[in-house]
Amino acid sequence: MCGILAIIGKGKNEELVRQLSKRMSHRGPDESDLHITENGHILSHERLSIIDLHSGRQPIKGCKSAWMVHNGEIYNHQELRDTILKDHTFRSKSDSEVIVHLYEKFGYDFVHMLDGDFAFVVIDGDDFIAGRDPMGVKPLYYGLDERGRVWFASEMKPLADQCRTFSTFPPGHYYTPKTGFVKYYRPEYEDYRTAVADANLDLIRETLTEATRKRLMSDVPIGVLLSGGLDSSLTSSIAARLLKEQGKTLHSFSIGLDPEAPDAKAARKVAAFLGTEHHEIHFTIEQGIDILDKLIWHLETYDVTSVRASTPMYFLAKAITEKGIKVVLSGEGADEVFGGYLYFRNAPTADDFQKETIERVQKLFTADLLRADKSTMAHGLEARVPFLDKAFLDVAMAIRPEEKQPKTYDGVEKCILRKAFDTPEQPYLPDEVLWRQKEQFSDGVGYSWIDTLIEFAASQVTDAEFEKASELFPYNTPTTKEAFYYRRIFHKHFPQVSAAQTVRKWIPKWQENTDPSGRANAAHIQADTNIAKSIIAEGV
């Protein structure tokens, strides 16, 4: 994990580029390096050392003339070294190095061979290729400056005030000057009509276990984010079993406003059941409000649900890195794959249900993946997401939507996933956790977090200001005072129109109340009418 910056084109001041790259130093606190190619192009790298701690510095040179920077992890790097790259001589044991060797052997046609989470740029003379992983687990932006130079960066910060226009690099694509954008990731499940398979519970369990196993690849300690919900608890359970085989104990981490927060209580049960070394972190609402400005600078979004959920994750990541851990497993993706959000139970048809799961998976890079990456990398912590493994997605997304819909199995969301791990002979989780109702992260840390946040934001925006929302922010105009408040902070840091256009707002379908909190859904066991009332009071 790192921060990368690449500038294709001559004439950019080296010292300025170093300063721009340092805007992402939180992503790579261990090392920093820069290389100017013979043709005057620049590659810069802020490194978080996880694989090959001693000789894996970047930028990396291939066997010939190509240079590369990479952010992420290539989980099949050893397999590639042992097979199709066995005739190549490597300079390091870094997983990243296989990328430049694949380029030198196959040209542009190699990105589909990578199994991992990545954003990279390879420069060879005046030719180059940039690519991003299938789901967008790792962030990447691209832009053009006033002299036509092409920029790529892990975050907007280095290029927002340097480029005339910039945008989010699409996941599952690569780009070259000869081909433009090429979509290399074309899974069958993108066509909703291909979801015709019966649920194979054994296969679900096996592929998720293998997805977790490969994400334990590390030369540094690994932990898990444990909210006590189904997704993070399953990830923790599988990881704990796999590490136990190696004689290791898993470190688990949870966060809440206090020990009685819904997630904190559930996480303690799971940790005790699994025998993890558990760490429980608390934060106050006042602390959360105090860091909103800095948080939105890190997140580079004004999406309401992202800000709400990123605040506890930001504090949790800080505490984890202070324990000396650099990598954590996280449960992002399961709700999208299995239709776990409570609003999914309102899908009018099975086809609508399946189409929504596809859309939510495809747009994860604008929401939960963005939050998971940037709120953890704000403190130099890498988050890995087993539920978005390609092989697992091929299995889970092919299941008939009729089998996934909550009404099929006693109204329980993600029932297929729960059943796959309901193994009484060797239980993965306590029953009360395995069958716990969906609780969104920003709710689970303590219901008063969102409630107070809404009240605070409303107090910071006058009625007169809110009436001018469409005039001040004509693109993606905020529709609540809370959204207005976040947008105003975002605009202070990133006033460019291109910056605003990178953000996608997450809005649940098929329910009258469009607030993204799970408690806004009538199916929640403690549906919160106050959330709806606060929106009505703001004139929405």
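- Judged by distance alone, with hydrogens and angles left aside, the side-chain atoms of N71 form a donor-acceptor pair with the main-chain N or O of C2 at under 3.5 Å.
- A side-chain N or O of E46 and one of S32 form a donor-acceptor pair less than 3.5 Å apart.
- Using a 4.0 Å cut-off between a side-chain N of Lys or Arg and a carboxylate O of Asp or Glu, D263 and R436 qualify as a salt bridge.
- Cation-pi check for R360 over Y341 is not met; the charged atom does not lie both under 6.0 angstrom from the ring centroid and within 45 degrees of its normal.
- Taking the ring centroids of Y485 and F456, they lie under the 6.0 Å cut-off.
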Go through D231 and K414 one step at a time and tell me if the salt bridge (Lys or Arg N to Asp or Glu O under 4.0 Å) criterion holds. CA-CA 10 Å; D231 313 333; K414 291 185 288 193; 2.8 Å; yes
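- Looking at S232 and S227, their side chains do bring a donor and an acceptor atom within 3.5 Å of each other.
- Sparse packing is recorded around NZ of K269, with 12 or fewer heavy atoms of other residues, nucleotides or ligands lying under 6.0 Å away.
- Not counting sequence neighbours, Y75 has no partner by the ring pair (Phe, Tyr, Trp, His ring centres under 6.0 Å) test.
- Distance alone, capped at 3.5 Å, is enough to place a donor-acceptor pair between the T376 side chain and the L381 backbone.
- In this structure a side-chain-to-backbone donor-acceptor pair under 3.5 Å is missing from R23 to Q19.
- Here the side chain of S237 pairs a donor or acceptor atom with the backbone of Y428 at under 3.5 angstrom.
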Go through the steps for R213 and E210 under the test salt bridge (Lys or Arg N to Asp or Glu O under 4.0 Å), then give the verdict. CA-CA 5 Å; R213 185 192 307 276; E210 182 54 35; 3.3 Å; yes
Could you go step by step and tell me if F315 and T311 meet the side-chain contact (heavy atoms from CB on, under 4.5 Å) rule? CA-CA 7 Å; F315 287 119; T311 309; 3.9 Å; yes
Derivation and outcome, side-chain contact (heavy atoms from CB on, under 4.5 Å), residues D368 and T305: CA-CA 9 Å; D368 283 14; T305 191; 5.7 Å; no
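- Between Y142 and F166, the distance from one ring center to the other does not fall under 6.0 angstrom.
- Rounding to the nearest 0.5 angstrom, the gap separating the CZ atom in F466 from the CZ atom in F484 is 8.0 Å.
- Separation of atoms CD1 (I450) and CD (E455) is listed at 12.5 Å; rounding is to 0.5 Å.
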side-chain contact (heavy atoms from CB on, under 4.5 Å) between L5 and V17: does it pass, once the steps are laid out? CA-CA 9 Å; L5 173 61; V17 175; 3.9 Å; yes
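- Contact annotation: the side chain of L243 approaches that of L216 to within less than 4.5 Å [non-hydrogen atoms, C-beta and beyond].
- Not a single donor-acceptor pair under 3.5 Å links the side chain of R384 to the backbone N or O of L329.
- Across every non-hydrogen atom of L299 and K374, the tightest pair is O-CD, 3.1 Å.
- Checked against the 6.0 Å centroid threshold, W449 and F283 count as a close aromatic pair.
- For the pair S21 (side chain) and R18 (backbone), a donor-acceptor distance under 3.5 Å is absent.
- Between E73 and K138, no side-chain nitrogen of the basic residue sits less than 4.0 Å from a carboxylate oxygen of the acidic one, so the salt-bridge criterion is not met.
- Salt-bridge annotation for E482 and R308: present, with a side-chain N of the basic residue lying under 4.0 Å from a carboxylate O of the acidic one.
- Figure legend: cation-pi geometry between K157 and W297, with NZ or CZ positioned under 6.0 Å from the six-membered ring centre and within 45° of its axis.
- Summarising the local packing, NZ of K363 is surrounded by 12 or fewer heavy atoms from other residues, nucleotides or ligands at distances under 6.0 Å.
- Contacts of H251 classified as ring pair (Phe, Tyr, Trp, His ring centres under 6.0 Å), with partners at least two apart in sequence or in another chain: H279.
- Looking at Q287, its side chain does come within 3.5 Å of a backbone N or O of T284 through a donor-acceptor pair.
- Closest approach of L417 and A334 over heavy atoms only: CD2-CB, 4.4 Å.
- A cation-pi arrangement is found for R487 relative to Y302, the charged atom lying closer than 6.0 Å to the ring centre and inside a 45° cone about the ring normal.
- Note that K404 lies in the cation-pi zone of F338, set by a 6.0 Å cut-off to the ring centre and a 45° limit from the axis.
- To the nearest 0.5 Å, the span separating NE2 on H491 from CD1 on I296 amounts to 13.5 Å.
- The side-chain heavy atoms of H26 and E155, taken from C-beta on, include a pair separated by under 4.5 Å.
- Counting heavy-atom neighbours within 6.0 Å of K505 NZ, excluding the residue itself, gives a total above 12.
- No side-chain donor-acceptor contact under 3.5 Å links Y189 and Q354.
- The shortest side-chain heavy-atom distance between Q501 and Y475 falls under the 4.5 Å cut-off.
- A salt bridge between D352 and K509 is absent, with no side-chain N of the basic residue lying under 4.0 Å from a carboxylate O of the acidic one.
- Side-chain N or O atoms of S154 include one that pairs as donor or acceptor with a backbone N or O of I4 at under 3.5 Å.
- When all heavy atoms of F344 and G339 are compared, the pair lying nearest together is CB-O, 3.4 Å.
- Between E280 and R268 a salt bridge is recorded (basic side-chain N to carboxylate O distance below 4.0 Å).
- Using a 4.0 Å cut-off between charged nitrogen and carboxylate oxygen, D422 and K419 do not count as a salt-bridge pair.
- With respect to the salt-bridge test (charged N to carboxylate O, under 4.0 angstrom), the residues D303 and R371 do not qualify.
- D95 and H70 share no side-chain donor-acceptor pair at under 3.5 Å.
- Taking the six-membered ring for Trp, H379 and Y314 have ring centres closer than 6.0 Å.
- Between the side chain of R205 and the backbone N or O of A420, at least one donor-acceptor pair lies under 3.5 Å.
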